[in-house]
Peer 1: 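Sending over a structure as structure tokens; questions will come in a sec.
None of these values were measured; they are calculated from a predicted model. In what follows, every chain begins at residue 1, and chains take the letters A, B, ... in the order their sequences are listed.
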2 protein chains.
Amino acid sequence: MYVVNPDERIPLGRQRIVATAIALADTDGVGSLSMRRLARELGFEVMSLYNHVASKDELLSLMVDEVAGEIRLPEGEAPLAAIRELTVRTREIYRRHPWVPTLWLRQVPGPNRQVLMETQLRLFADSGLSPELAHHGFHAVGNHVLGYTLQELGMEVAMGADPDHVARDFIDGLPDDEFPHSIAHVQQHLAGETSSSFELVLDLILDGLLRLDAAGGE
Amino acid sequence: MYVVNPDERIPLGRQRIVATAIALADTDGVGSLSMRRLARELGFEVMSLYNHVASKDELLSLMVDEVAGEIRLPEGEAPLAAIRELTVRTREIYRRHPWVPTLWLRQVPGPNRQVLMETQLRLFADSGLSPELAHHGFHAVGNHVLGYTLQELGMEVAMGADPDHVARDFIDGLPDDEFPHSIAHVQQHLAGETSSSFELVLDLILDGLLRLDAAGGE
DNA sequence: ACCTGAACACCGTTCAAGT
DNA sequence: ACCTGAACACCGTTCAAGT
């Protein structure tokens, strides 16, 4: 028989801190991620975190880059098909970590995102598009996946647990004779009549780039 | 001669609170907008604000809707031209109030946004597009202007005052032989070689919708 | 009706002290 | 090297008290 060492608890460390922070943000939202809460979750005091992480802002950067690393890079596909695939995967990862899209912009890219960005740009460079259209295409696709997911999640995440309830309240608050189109639109969503337009618009952008290139390069 | 009434100060009121809050967010960012700071700015105590506004969240909603009211609605144009015009104006307003795009999503639409949304949907309904494409088009255009502006501003606003400086630090931190495309891309931005792709992609989306409609409705 | 002071339960972070 | 307690300068908001 021996006395239990009170310090048998798993030691802290960037990796574990970041992982726990991500899990916490996934379940309760970034809004409720505080250094104090995170420390409690880990079984340490707040200030212990600062031995591994310079600030909350650095922690957020590390979290975003960790998630960026989850996006599997395509291989062996034709450039435009690979771009499409990569974009669809990005959306999946965004949806898995709904707090990421907002932070994505505010943080300077870390190593994983740097690789991701380089891959995207290389694919555009190899796509056959003119350099200028490749440049615009890179932004167009990035904006699409970001804007689309934000819109999609903004409604779900920030508006509380039940988007349907919010949507219903919203249309109930509208005088039906003045806002017929709004009401019809929201009802289409509630009825699940319309499929997601994410891939439709993505293809529309990619096809449009090709068409512009063909028109400009004749 | 008379004693100056200490209560000659302009009384509070939703309108004035919201206006001051917007001005404060415009100049210093939403990050530094606190109820306490706002009260100080207005010359009142914090708790006075709560006589006019239920919570900080309500205040943010009011601010967003006030800004939504700044977007001038088009009139007398053909539907698709009006949609285009409205989208360009939305981007201008977003740029004038860089804190708006992020909040836009988290808040349930107030009266001004309700009118804006109804207008957009009516224009799409009148555009001749099939109901389904009109539905998708509404989202596509909204996502584009939101995602594009967020990307554009995310870099400028959140990364500190000098985006060029950040960009330079970014490429300096990259091993040049491994990230040639990233470096080239950022350099294109720094050199101002590429014009904004906002309208280019917007047209690409609008044209693509028309083309899809023509193909589907033959 | 509108304003306010004290108080509560939170934040992120500094700094000096422990082992 | 890593952990911690006390302290600082902040938050949003409740509630009872003033006019």
Side-chain angles (χ1 to χ4, degrees), chain A residues 3-22 24-25 27-64 99 102-103 106-108 158-160, chain B residues 2-25 27-64 99 102-103 106-108 158-160:
Chain A
V3 177
V4 175
N5 186 339
D7 265 312
E8 274 188 49
R9 57 182 178 179
I10 311 144
L12 276 176
R14 270 168 107 90
Q15 185 49 49
R16 205 160 79 88
I17 291 174
V18 171
T20 309
I22 289 176
L24 225 154
T27 57
D28 296 0
V30 241
S32 57
L33 170 65
S34 73
M35 297 302 271
R36 296 175 127 99
R37 165 103 193 269
L38 176 58
R40 211 183 317 132
E41 209 82 15
L42 287 158
F44 287 77
E45 297 302 317
V46 208
M47 290 318 299
S48 307
L49 299 174
Y50 288 87
N51 290 303
H52 305 89
V53 139
S55 64
K56 185 178 183 181
D57 201 63
E58 191 192 78
L59 174 60
L60 292 173
S61 277
L62 292 170
M63 290 166 67
V64 170
W99 46 275
T102 348
L103 290 180
R106 326 244 139 195
Q107 308 293 336
V108 176
M159 270 182 177
Chain B
Y2 51 89
V3 177
V4 175
N5 186 340
D7 266 311
E8 274 188 47
R9 58 182 176 180
I10 311 142
L12 276 176
R14 270 169 107 88
Q15 186 48 49
R16 204 160 79 88
I17 291 174
V18 171
T20 310
I22 289 175
L24 224 154
T27 57
D28 296 0
V30 240
S32 56
L33 171 65
S34 74
M35 297 303 271
R36 295 176 128 99
R37 166 101 193 270
L38 176 57
R40 210 183 317 132
E41 209 82 15
L42 287 158
F44 287 78
E45 297 302 317
V46 207
M47 290 318 300
S48 307
L49 298 174
Y50 288 87
N51 291 302
H52 304 89
V53 138
S55 64
K56 186 178 183 181
D57 201 64
E58 191 190 80
L59 174 61
L60 292 173
S61 277
L62 293 170
M63 289 166 67
V64 170
W99 46 275
T102 348
L103 290 180
R106 326 244 139 196
Q107 308 294 336
V108 175
M159 271 183 178

Peer 1: What is the distance, rounded to the nearest whole Å, between atom CZ of Phe44(B) and atom C1' of dT4(C)?
Peer 2: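 Value for this atom pair: 11 Å.
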Peer 1: Anything under 3.5 Å between a donor and an acceptor, one on a side chain of residues 29-36 of chain B, the other on a protein residue two or more places apart or in another chain? List them.
Peer 2:
{"from": "Ser32(B)", "atom 1": "OG", "to": "Asp28(B)", "atom 2": "O", "distance (Å)": "3.0"}
{"from": "Ser32(B)", "atom 1": "OG", "to": "Gly29(B)", "atom 2": "O", "distance (Å)": "3.2"}
{"from": "Ser34(B)", "atom 1": "OG", "to": "Arg37(B)", "atom 2": "N", "distance (Å)": "3.0"}

Peer 1: Rounded to whole angstroms, how far apart are CG on Leu38(B) and P on dC11(D)?
Peer 2: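 So the CG-P distance, Leu38(B) to dC11(D), works out to 11 Å.
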Peer 1: Take Leu33(A) and Met47(B), find for each the nucleotide of DNA chain C with the closest heavy atom, and name the residue whose nucleotide sits nearer the 5' end.
Peer 2: Met47(B)
Peer 1: Write out the stems for DNA chain C, ordered by first number and formatted as range with range, counting runs of at least 3 consecutive Watson-Crick or G-U wobble pairs under 3.5 Å.
Peer 2: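 Stems (3+ consecutive pairs) listed as C:4-8 with D:12-16, C:12-16 with D:4-8.
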Peer 1: Does the side chain of Arg14(B) come within less than 4.5 Å of Glu58(B)'s, by heavy atoms?
Peer 2: yes
Peer 1: Which nucleotide in the list dT4(C), dC11(D), dT13(D) gets nearest to the side chain of Val46(B)?
Peer 2: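 Of all the options, the side chain of Val46(B) is nearest to dT13(D).
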Peer 1: Using whole Å, report how far CG of Leu60(B) lies from C1' of dG12(D).
Peer 2: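 Computing the Leu60(B):CG to dG12(D):C1' distance gives 12 Å.
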Peer 1: Which listed nucleotide (dG12(C), dC2(C), dG12(D)) is nearest to the side chain of Tyr50(A)?
Peer 2: dG12(C)
Peer 1: Please give, in whole Å, the distance from dC10(C) P to Arg36(A) CZ?
Peer 2: 10 Å
Peer 1: Compare side-chain N and O positions of Ser48(B) against OP1 and OP2 of dC2(C) and report whether any pair is under 4.0 Å apart.
Peer 2: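 Answer is no, no contact under 4.0 Å.
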Peer 1: When you measure from the side chain of Ser34(B), which nucleotide among dC3(C), dT13(D), dC11(D) comes out closest?
Peer 2: dC11(D)
Peer 1: Should Asn51(B) and Leu12(B) count as side-chain neighbours, where that means a heavy-atom distance under 4.5 Å?
Peer 2: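 With C-beta onward as the side chain, the pair stays apart.
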Peer 1: From dC3(D), dT4(D), dC3(C), pick the nucleotide closest to the side chain of Glu45(A)?
Peer 2: dT4(D)
Peer 1: Are Leu103(A) and Met63(A) close enough that some pair of their side-chain heavy atoms sits under 4.5 Å apart?
Peer 2: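 Answer no - side chains too far apart.
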Peer 1: Within this structure, what is the NZ-OH distance for the pair Lys56(A) and Tyr50(A), rounded to the nearest 0.5 Å?
Peer 2: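 So the NZ of Lys56(A) and the OH of Tyr50(A) are separated by 8.5 Å.
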Peer 1: Heavy atoms from C-beta onward define the side chain here; which of dT4(D), dC3(C), dC11(D) lies closest to that of Arg37(B)?
Peer 2: dC11(D)
Peer 1: Using side chain to side chain donor-acceptor pair (under 3.5 Å) as the criterion, list what pairs up with Ser61(B), not counting sequence neighbours.
Peer 2: Gln107(B)
Peer 1: Round to a whole Å and report the spacing from NZ of Lys56(B) to P of dT13(D).
Peer 2: 8 Å
Peer 1: May I ask you to decide if Phe44(B)'s main-chain N or O and Ser48(B)'s side chain share a donor-acceptor pair within less than 3.5 Å?
Peer 2: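 No: the side chain of Ser48(B) does not pair with the backbone of Phe44(B).
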Peer 1: Quickly work out the Met35(B) CE to dC11(D) C1' distance and round it to whole Å.
Peer 2: 11 Å
Peer 1: Distance check needed: dC15(C) P versus Asn51(A) CG, whole Å only.
Peer 2: 15 Å
Peer 1: Distance check: side-chain N/O of His52(A) vs OP1/OP2 of dA1(D), anything under 4.0 Å?
Peer 2: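 Answer no for this pair, as no side-chain N or O of His52(A) is under 4.0 Å from OP1 or OP2.
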Peer 1: Mind calculating the distance between CZ (Arg40(A)) and C1' (dC10(C)) to the nearest angstrom?
Peer 2: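 About 10 Å, once rounded to whole Å.
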